[in-house]
*Asks:* 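Before I ask anything, here is the structure I am working with.
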Protein chains: 2
Amino acid sequence: MSQQRHGSTPGEAGGVPAFPDLPEATIARLPEYLRALHHLAETGAETVSSEGLAAAAGVNSAKLRKDLSHLGSYGTRGVGYDVALLVAQIEFILGLDENRAVCLVGVGNLGHALAGYAGFASRGFRVVALFDADPNKVGEQINGLNVQHIDDLRRVAAEESITIGVIATPPGTAQMVADALVAAGVTSILNFAPGVLSVPANVDVRKVDLAIELQILSFHEHRKASLTSLPGGRSAAADNQEAVGS
Amino acid sequence: MSQQRHGSTPGEAGGVPAFPDLPEATIARLPEYLRALHHLAETGAETVSSEGLAAAAGVNSAKLRKDLSHLGSYGTRGVGYDVALLVAQIEFILGLDENRAVCLVGVGNLGHALAGYAGFASRGFRVVALFDADPNKVGEQINGLNVQHIDDLRRVAAEESITIGVIATPPGTAQMVADALVAAGVTSILNFAPGVLSVPANVDVRKVDLAIELQILSFHEHRKASLTSLPGGRSAAADNQEAVGS
DNA sequence: AGGCGCTTGTGAAGGCGTGCACAAATCGCG
DNA sequence: CGCGATTTGTGCACGCCTTCACAAGCGCCT
């Protein structure tokens, strides 16, 4: 079906290629593939089979192939995928080659940890500004960054071209902060505060609620406990398969 | 208020009710409903309509009704749902009435914050033990808890009946810690370390990768940027609703 | 050059989840 | 006591995602 000429090479500079609209499910897995690929690259692998990469990423190999095929990927039948090339491909698609500027609002317990989280810097992001509403925290030095007052958000966001904001405030102030971020031109928000944010349609929000994750696990604990006490006796087999790692 | 009798009342003690096997998607939303319900209860509401609760939880009302119907829920046509009753129902299903004991391994940057995260305690969980492999950290006092050496995990887990463990270590040691947790009888793991864990089939794992969340947002930034620069001209309207799950 | 084994890419089928639209049920009121 | 307003519970259709299974392509070996 597809012509063998993959005309638009998305390598780096140049024209923007026709942007593929990937399924959301695929997008959510690309970062996982990317991490696995980086790990493979470090061990010196030149190529990977879909089977190998799938195992490293904890997914089905057919799913992985379909995911990669969606982004018009480069693979060689009989050989596998070129690791370096695939890394470049995925990083381009995810927009990681732009080393995006991120700001973080709320330097409390959790915000403090996020400000120092090494995983951000090592995976394509620069935390360039910290904000808080508490005057006592303004001026504090965290990981080489000065905590600034939230009233300066708009100015700083413009200066640093910030498009992604992280909310790590108490729930009560999250919506207010979100409004401020939107007003400052931020178009993507990662929200750690429990509760629903309402934002304009062109702003993307992703939520991480730590307590919810535990509650989901708690449900499965409850289920498992009630199963073992049932006469049916099916101890614990079934369908739960949790992949393999390296 | 309460009127008709539903056959099997899953209130609390007594016989284990036939455990409904809910769709995973529903389970993931129950905690969100629960949070919204608690908020409503604080404002003094006795009942809620599916429309109202759906708005507070950020979902479609039809979806909410279907979710609640799955757990054989109590609602009164023409009136709505009894807030207190529904809270009890969901907390029972999620197993939150048991106030589960949780342990946390890895008292680094992130682990430190998690140990002090108020959201856990307020939503049905007790963090009862902290572990680390670094002798310098053992003995440290965090939020009223002593950091213990990971070699003591097995003993402490048994003493405290711990069934849920949280991994907040560097990626390199995550698999080792997971093995230790499993050996100690933990059957649910919340993993903050990047990478895939391999565990027995009866152990549930949920992963939270902060960098992945940012990378997904980055993709959408990239997409938005390439759209605005395209001749198509559709600035940014369309169908983008609200946040996403994990 | 030719054949063989390996791996990708994809058509097709099945399952799951979502959202619409409506019947059934309940309350309040005249 | 019946009627209308309101809201739940759900049958149904649609679309997305997953998974299987296999043809097409590629390199290597003889």
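Residue numbers begin at 1 in each chain, while the letters A, B, ... track the order of the sequences.
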*Asks:* Working to the nearest 0.5 Å, report the span between CG of B:Leu104 and CD1 of B:Ile162.
*Replies:* 10.5 Å
*Asks:* Rounded to the nearest 0.5 Å, what's the gap from CD1 on A:Ile27 to CG on A:Leu94? Could you check?
*Replies:* 8.5 Å
*Asks:* Between atom NZ in A:Lys63 and atom C1' in C:dA12, what is the gap in whole Å?
*Replies:* 18 Å
*Asks:* Mind checking what makes ring pair (Phe, Tyr, Trp, His ring centres under 6.0 Å) contact with B:His220, not counting sequence neighbours?
*Replies:* none
*Asks:* Taking CD1 from A:Ile27 and P from D:dC16, how many angstroms apart are they, rounded to a whole number?
*Replies:* 13 Å
*Asks:* What is the distance, rounded to the nearest whole Å, between atom CG of A:Leu64 and atom P of D:dC17?
*Replies:* 16 Å
*Asks:* Atom CG of A:Asp67 and atom C1' of D:dT19: how far apart are they, to the nearest Å?
*Replies:* 12 Å
*Asks:* Atom CD of A:Glu24 and atom C1' of D:dT18: how far apart are they, to the nearest Å?
*Replies:* 16 Å
*Asks:* About how many Å separate CG of B:Leu217 and CD1 of A:Ile164, when rounded to the nearest 0.5 Å?
*Replies:* 5.5 Å
*Asks:* Hey, is the side chain of A:Asn60 poking within less than 4.0 Å of OP1 or OP2 on D:dC17, counting only N and O atoms?
*Replies:* no
*Asks:* Which pairs with one or both residues in residues 20-40 of chain B pass salt bridge (charged side-chain N to carboxylate O under 4.0 Å, His left out), sequence neighbours excluded?
*Replies:* A:Lys207-B:Glu32, B:Arg29-B:Asp67, B:Glu32-B:Arg35
*Asks:* Output the rounded distance in Å from CG (A:Leu53) to C1' (C:dT8).
*Replies:* 13 Å
*Asks:* Is the NE2 atom of B:His39 crowded by more than 12 outside heavy atoms at less than 6.0 Å?
*Replies:* no
*Asks:* Report each atom pair, protein N/O against N/O of nucleotides 8-12 of chain D, whose distance is under 3.5 angstrom.
*Replies:*
from, atom 1, to, atom 2, distance (Å)
D:dT8, OP1, B:Ser50, N, 2.5
D:dT8, OP2, B:Ser50, OG, 2.6
D:dT8, O2, B:Arg77, NH1, 3.1
D:dG9, OP1, B:Gly75, N, 3.4
D:dG9, OP2, B:Tyr81, OH, 2.6
D:dG9, O4', B:Arg77, NH2, 3.0
D:dG9, N7, B:Arg65, NE, 2.9
D:dG9, O6, B:Arg65, NH2, 3.3
D:dG11, O6, B:Lys66, NZ, 3.0
D:dC12, N4, B:Lys66, NZ, 3.3

*Asks:* To the nearest Å, how far apart are A:Asp21 CG and D:dC17 P?
*Replies:* 11 Å
*Asks:* Please tell me which of the listed nucleotides, D:dC20, C:dT18, D:dC17, lies nearest to the side chain of B:Arg29?
*Replies:* C:dT18
